[in-house]
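Take a look at the structure set out below.
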Amino acid sequence: MASASASHSDARFGLDRRVTLLGPLPLDCGAALAPVEIAYETYGSLNADKSNAVLICHALTGDQYVASSHPITGKPGWWMRLVGTGKPVDPARDFIICANVIGSCMGSSGPATVNPATGTPWGMDFPVLSIADMVRAQALLFDYLGIGTLAAVIGGSMGGMQALSWPVLYPDRVRAALVIASTARHSAQNIAFHEVGRQAIMADPRWRKGAYYADGDVPASGLAVARMAAHITYLSEAGLTEKFGRRLQARDGAAGADCDGSSFGFDADFQIQSYLRHQGISFVDRFDANSYLYITRAMDYYDLAQPHDGVLARAFMGTKTRFCLISFDTDWLYPTAESRRIVHALNAAGAEASFVELSSPFGHDAFLLECPEMNRIVDGFLRAGANR
Ligand SMILES: CC(=O)SCCNC(=O)CCNC(=O)[C@H](O)C(C)(C)COP(=O)(O)OP(=O)(O)OC[C@H]1O[C@@H](n2cnc3c(N)ncnc32)[C@H](O)[C@@H]1OP(=O)(O)O
Ligand SMILES: N[C@@H](CCO)C(=O)O
């Protein structure tokens, strides 16, 4: 087992854990990360035969606070609709783990954490990351926790990429994978939107090649614009029309200002403008611009078929994992066709796979919103596994 030091000495299980694993963690880029810091939350208890561990993987700007309030925003956990007592993922039955991905900014190793070689934040010296690296770091955490096999791994969006990667990287360590609103590769359109965001960050004079940690003067404008562009892709046209239409925004100062706090006559005239500005500005309070650069690049390079000569089925060949895929009909970021492509590949590989397309007006972010059908499917899929 990997040597480690935990921030909560001998208590490995509980809320708000942070562990420093000595590693090294070999990365796809050829470098290695050592030590590896992982911040994670757990809910419930590990049973005697260690067979009830359920890993929840978070999306691009998510975090480990899946079912507990966010320490910065104070908002409730991002998947409390799915995780909690009486919910499909239930701490009374499951031992639930959610870890902040490496590269992110909520306690796990990332550009904002300290590079042991220099004693200062890594910034752009942080090594290039892949989705597989994030998964390998999670596996390191499970080694530390003494958990060999996961009952299930569940994720939406980038969390779904990790859930899909788990059986590929660790075919003997995961019994079931639930992949929601996700993909097996990033499309040209996905990459294009991310590139707009990255350019917005790097064009911000405060970005300073990523070396902005010392004085705390962060590239807020660039990061806010990146979030605004990305947020559009998480919604649907019908949803936007229903919510805002062409309605004008009542002027109340803050909502009229742009991301620098000034308006220069270009106020947020329409409600949708004001809403997007709010999403951009509030994002800056809880996320790091360099993490955004690193994680979006990891998503862009993600292509499960690439190491298998472009044949996705080969990635899953021989897997014993059960799969369930869920897509949403208004998700144009990771559309239903992509989930179907994955299911065909799983079928061709002889894997057990089920698939449901759900109807929702909310686009990609539907997986984060109230959806009783999604809950029923997750519950049924997890319980079917428990009954075997
Ligand atoms: C797994 C993970 O990825 S975790 C990370 C996911 N979390 C996020 O991405 C957080 C930001 N994203 C969101 O808020 C997403 O829209 C969702 C899906 C999570 C929430 O959706 P909804 O509940 O429908 O919230 P909605 O999109 O309407 O946003 C509400 C916010 O917009 C604000 N808002 C609404 N209309 C306007 C407007 N016209 N002008 C300004 N602000 C507005 C609300 O006041 C509210 O602000 P608050 O969040 O500071 O309280
Ligand atoms: N809105 C979610 C989904 C993105 O894929 C997030 O910000 O992480």
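As the structure lists them, so they are numbered: ligands from 1, and atoms in each ligand from 1. Quick note: numbers below take in every heavy atom, side chains included, and nothing from hydrogens, waters or symmetry partners. For the single chain, residues carry numbers from 1 onward in sequence order.
- In Ser157, the part holding a heavy atom less than 4.0 Å from any atom of ligand 2 is the side chain.
- Classification of the Tyr170-Trp166 ring pair by plane angle, with boundaries at 30° and 60°, yields tilted.
- At least one heavy atom of Phe244 sits closer than 4.0 Å to an atom of ligand 1.
- Of all the listed residues (Lys243, Gln279, Arg227), Arg227 holds the heavy atom that lies closest to atom 8 (C) of ligand 1.
- Val128 and Ile102 end up in different hydrophobic clusters when Ile, Leu, Val, Met, Phe, Trp and Tyr side chains are linked at under 4.5 Å.
- Under the 3.5 Å distance criterion, with hydrogens and angles disregarded, a donor-acceptor pair is assigned to the side chains of Ser68 and Tyr43.
- Qualifying side-chain contact (heavy atoms from CB on, under 4.5 Å) partners for Thr149, counting only residues two or more places apart in sequence or in other chains: Arg175.
- When atom types are taken as modelled, the side chain of Arg322 and the backbone of Ala351 share no donor-acceptor pair closer than 3.5 angstrom.
- Taking the six-membered ring where tryptophan is involved, the planes of Tyr275 and His231 are tilted, since the angle between them lies from 30° to 60°.
- Considering each of Phe270, Tyr275, Trp79, the one bringing a non-hydrogen atom nearest atom 43 (C) of ligand 1 is Tyr275.
- At least one heavy atom of Arg286 sits less than 4.0 Å from an atom of ligand 1.
- Every atom of ligand 2 with a heavy atom of Asp365 under 4.0 Å away is listed here by number and element: 1 (N), 2 (C), 3 (C).
- Contacts with ligand 2 closer than 4.0 Å are made by no heavy atom of His58, backbone or side chain.
- Regarding atom 8 (O) of ligand 2, its nearest protein heavy-atom neighbour is Thr61 N, 3.0 Å.
- Neither the backbone nor the side chain of Leu333 comes within 4.0 Å of ligand 2, counting heavy atoms alone.
- Shown in contact with Lys75 at under 4.0 Å from a heavy atom are these atoms of ligand 1, numbered in order with element: 48 (P), 49 (O), 50 (O), 51 (O).
- Under 4.0 angstrom from ligand 1, there are no non-hydrogen atoms of Arg277.
- Close placement of the His186 and Tyr334 rings is indicated, their centers lying within 6.0 Å of each other.
- Ion pair Lys87/Asp94 not flagged as a salt bridge, since none of the NZ, NE, NH1 or NH2 atoms sits closer than 4.0 Å to an Asp/Glu carboxylate oxygen.
- Counting all heavy atoms, side chain and backbone alike, Pro121 lies closest to Tyr213 at CB-CD1, 3.5 Å.
- Ionic pairing of Lys320 and Asp172 is not present here: no N-O contact between side-chain nitrogen and carboxylate oxygen is shorter than 4.0 angstrom.
- At least one heavy atom of Gln249 sits less than 4.0 Å from an atom of ligand 1.
- Residue Leu369 touches ligand 1 through its side chain alone, judged by heavy-atom distances below 4.0 Å.
- Geometrically, ligand 2 and Tyr234 share no nitrogen or oxygen pair separated by less than 3.5 Å.
- With a 4.0 Å heavy-atom cut-off, ligand 2 is reached by the side chain of Arg227 but not by its N, CA, C or O.
- The residue among His231, Met158, His364, His278 with a heavy atom at the shortest distance from atom 50 (O) of ligand 1 is His278.
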